[in-house]
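Input: a single structure, listed below in structure tokens.
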Amino acid sequence: MLAVPVENPAGRSPAARPADGQRPWWRDAVVYQVYIRSFLDSTGDGVGDLAGVRVGLPYVRKLGVDGIWLSPFYPSPQHDHGYDVADYSAVDPLYGDLAEFDRLVADAHRLGLKVVIDIVPNHCSSAHPWFRAALADVPGGPARSRFHFADGRGEHGELPPNNWRAMFGGPAWSRVKEADGSPGQWYLHLFTPEQPDLNWRDPRVGDHFEEVLRFWLDRGVDGFRIDVAAGLFRHPELPDSPDPEADERTRDSVNPLAWNQPEVHDVWRRWRALCESYTAHDGQDRLLVGEVSVPTAADQALYVRPDELHQAFFFHLLSAPWNAADFRRSIVEALRDIAGTGSTVTWVLNNHDQVRTVTRYDADSGGVGATRARAAALLMLALPGAAYVYQGEELGLPEVLDLPDDALTDPIFRRTGSRRYVRDGCRVPLPWSGHASPFGFTAPGSTVQPWLPQPAWFAEHTTDRALSDTGSFWHLYRDGLNLREQLPQLGEGSLRWLESPPQVLAFVRGDGMVCAVNFGEEPVPAPVPGVPLLASAPCPAGLLPGNTAAWWVCDLPAS
């Protein structure tokens, strides 16, 4: 197991960031996403845990980020790796206990790192006490009203209440047996049957989650990443959808009757008020950042109005094809619509649900996926606002595409039998050191293999190798993050576009900090003279190579 000594990297530490008139920390923070079960295993059982995260904190701090986002660690049957929560105010023994969580928060804060935890309000586990009580209740009973129970259609109620399909495959409804053993009502689950959807029209649900937020805020967390933040409410009449397979087909929340209902905004106003009450008490800003999957930047802007979520992940760069026009369009729309609310854009290139960036860009690039991923990283860090980095991206990890079927754990595979959209390939445990699995991921002396098998080629991407190689992905991220801390032009603010060839994006941040990205294959003249301050690939004098990003600081005439 890797232990990294604490160092003070060049530039300001996150804890010493200037206040700028009490500017909240989250507005231009860079946060590192920790997928706990794949980060570092302290016990030798093959699964990462909170103690492992605590051991790895100096490594994260050395990278230069401002905080960490922890994936769910709550008690859970692990049907969806913790996104099926059985108790929102405890820690699953698989990951540790509350005392270990408290030590993790304390250590993170001593290192100047904020701690954001995942909250899952759209659905819970079928093992949650509420759902067990609902199964034991009668149709129309109070325990069932916390969920979406409904009578079936057909002569004997043998057909689902509507035609909706689940995002992870199959019908969105399952039928229960009543207490007398007879076929009974159906309940709604837009992901898996083990994740029944909560009914937020029952006021007890909202009251409970306010208690949950207080529980974790009182333990010192700095914010919440909200899973399925455009969910919670369904159309009150649960009508048939004109395109019932849309969610299943796209694995996205596109059914207009099931997602993005207007009532959800009242929940975020309530949560925002709660967070602001804590901030008013002790002066420490808390963050609500939402997973808001909606079609456009203008739609997302409705979630980050001044009295709702502080931020929402902007996924459009993640999904944009590798060309200058699409990237520029996404950036312009985000800065116009989202930043126009007074929030800042929260940029992401990857997370635990997506194909890793190197592999995504490699699909149609003829083998330059890693080169493009390096350029995209510098572009993201140069944009105004905040950014999130998924663990392993700083190592340039590709997707593991050849996991055997019997190793796959994603419920999408279990429900569909298809490997399309399966997420295990980006969740393979991190390689820390050595030349063979478990690559330092498990506790020394353990003979247990990691919960997902690591390929032999992970040896090329271990953290100890990355730290020693100044040309590695890790050093590119670290150098970019350090410059982001040092240069006043970066972080929050605006940008000004420069004229450039069609395959190039070039813009100015503040007073003379230039970022340019060549999305083409052939070199082009650099937009400004001089040697780049930082570049994703070697830049000959006066040139910007293909699939390359670079930063300069220079004197430019005013626009």
Side-chain angles (χ1 to χ4, degrees), residues 250 252 254 292-301 312-340 344-351 354-388 393 480 490 493-509 513-528 532 534-537 539 542-552 556 559:
T250 63
D252 199 2
V254 295
V292 179
S293 297
V294 289
T296 69
D299 294 322
Q300 190 178 96
F313 296 127
F314 184 68
F315 295 117
H316 293 198
L317 280 194
L318 187 158
S319 59
W322 183 256
N323 67 70
D326 283 291
F327 267 68
R328 177 164 177 161
R329 183 182 307 110
S330 293
I331 294 167
V332 167
E333 291 174 353
L335 294 177
R336 179 192 67 207
D337 296 330
I338 298 171
T344 53
V345 183
T346 305
W347 309 98
V348 293
L349 291 172
N350 202 269
N351 62 34
Q354 304 294 330
V355 173
R356 283 201 176 273
T357 311
V358 167
T359 302
R360 191 172 73 245
Y361 288 146
D362 218 19
D364 62 351
S365 70
V368 295
T371 305
R372 289 179 175 181
R374 290 171 62 91
L378 279 195
L379 169 62
M380 178 178 72
L381 294 178
L383 291 171
Y388 278 65
E393 291 293 289
L490 292 177
S494 59
L495 63 76
R496 173 167 59 91
W497 296 102
L498 296 176
E499 290 188 13
S500 57
Q503 72 271 35
V504 175
L505 287 187
F507 55 83
V508 184
R509 296 297 318 281
M513 189 279 171
V514 174
C515 173
V517 186
N518 182 359
F519 287 81
E521 302 298 321
E522 300 299 323
V524 297
V528 293
L534 181 63
S536 63
C539 289
L543 292 177
L544 182 63
N547 299 304
T548 298
W551 296 357
W552 295 261
L556 289 175
S559 58

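Index from 1, following the sequence. Quick note: numbers below take in every heavy atom, side chains included, and nothing from hydrogens, waters or symmetry partners.
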From Arg374 atom CZ to Leu379 atom CG, the distance as rounded to the nearest 0.5 Å = 14.5 Å
Are Leu534 and Leu378 side-chain neighbours, meaning at least one heavy-atom pair lies under 4.5 Å?
-> yes
Heavy atoms of Leu543 and Pro545 approach each other most closely as O-CD, 3.8 Å
Atom pair OG1 (Thr346) and OH (Tyr388), whose distance is rounded to the nearest 0.5 Å | 6.5 Å
Validation row: Trp551, Cys515 side chains within 4.5 angstrom (heavy atoms) = yes
Is any side-chain heavy atom of Val508 closer than 4.5 Å to a side-chain heavy atom of Val514?
-> yes
Compare all side-chain heavy atoms of Arg360 with those of Asn350 and state whether any distance is below 4.5 angstrom.
-> yes
Can you measure from CG (Leu381) to CG (Leu349) and round to the nearest 0.5 angstrom?
-> 8.5 Å
Within a strict 4.5 Å, meaning less than it, do heavy atoms of the Phe507 and Val517 side chains meet?
-> no
d(Leu495 CG, Leu490 CG) to nearest 0.5 Å is 11.0 Å
Do Trp497 and Ile331 have side chains that get closer than 4.5 Å, going by heavy atoms?
-> yes
So, for Leu505 and Arg328, which heavy atoms are closest and what is the spacing to 0.1 Å?
-> CD2-CB, 3.4 Å
For the student: nearest non-hydrogen atoms of Glu333 and Ala297, plus distance | O-CB, 3.7 Å
Asp337 side chain reached by Gln300 side chain, heavy atoms, under 4.5 Å = no
Shortest non-hydrogen contact between Ala550 and Cys539, atoms and distance = CB-SG, 4.3 Å
According to the interplanar angle, ranging from 0 to 90°, do the rings of Trp347 and Phe314 count as parallel (below 30°), tilted (30 to 60°) or perpendicular (above 60°)?
-> perpendicular
All heavy atoms of Ala339 vs all of Val345, minimum pair found to be N-CG2, 4.3 Å
Side-chain donor-acceptor contact under 3.5 Å, Glu393 with Thr357 | yes
Of the non-hydrogen atoms in Asp252 and Ser293, which two are nearest, and what is the gap between them?
-> OD1-CB, 3.7 Å
Can a donor-acceptor pair be found between the side chains of Asn323 and Gln503 at a distance below 3.5 Å?
-> no
How are the rings of Tyr361 and Phe327 set relative to one another: parallel (under 30°), tilted (30 to 60°) or perpendicular (over 60°)?
-> tilted
Spacing of CG belonging to Asn518 relative to CG belonging to Leu544, to within rounding of 0.5 Å = 5.0 Å
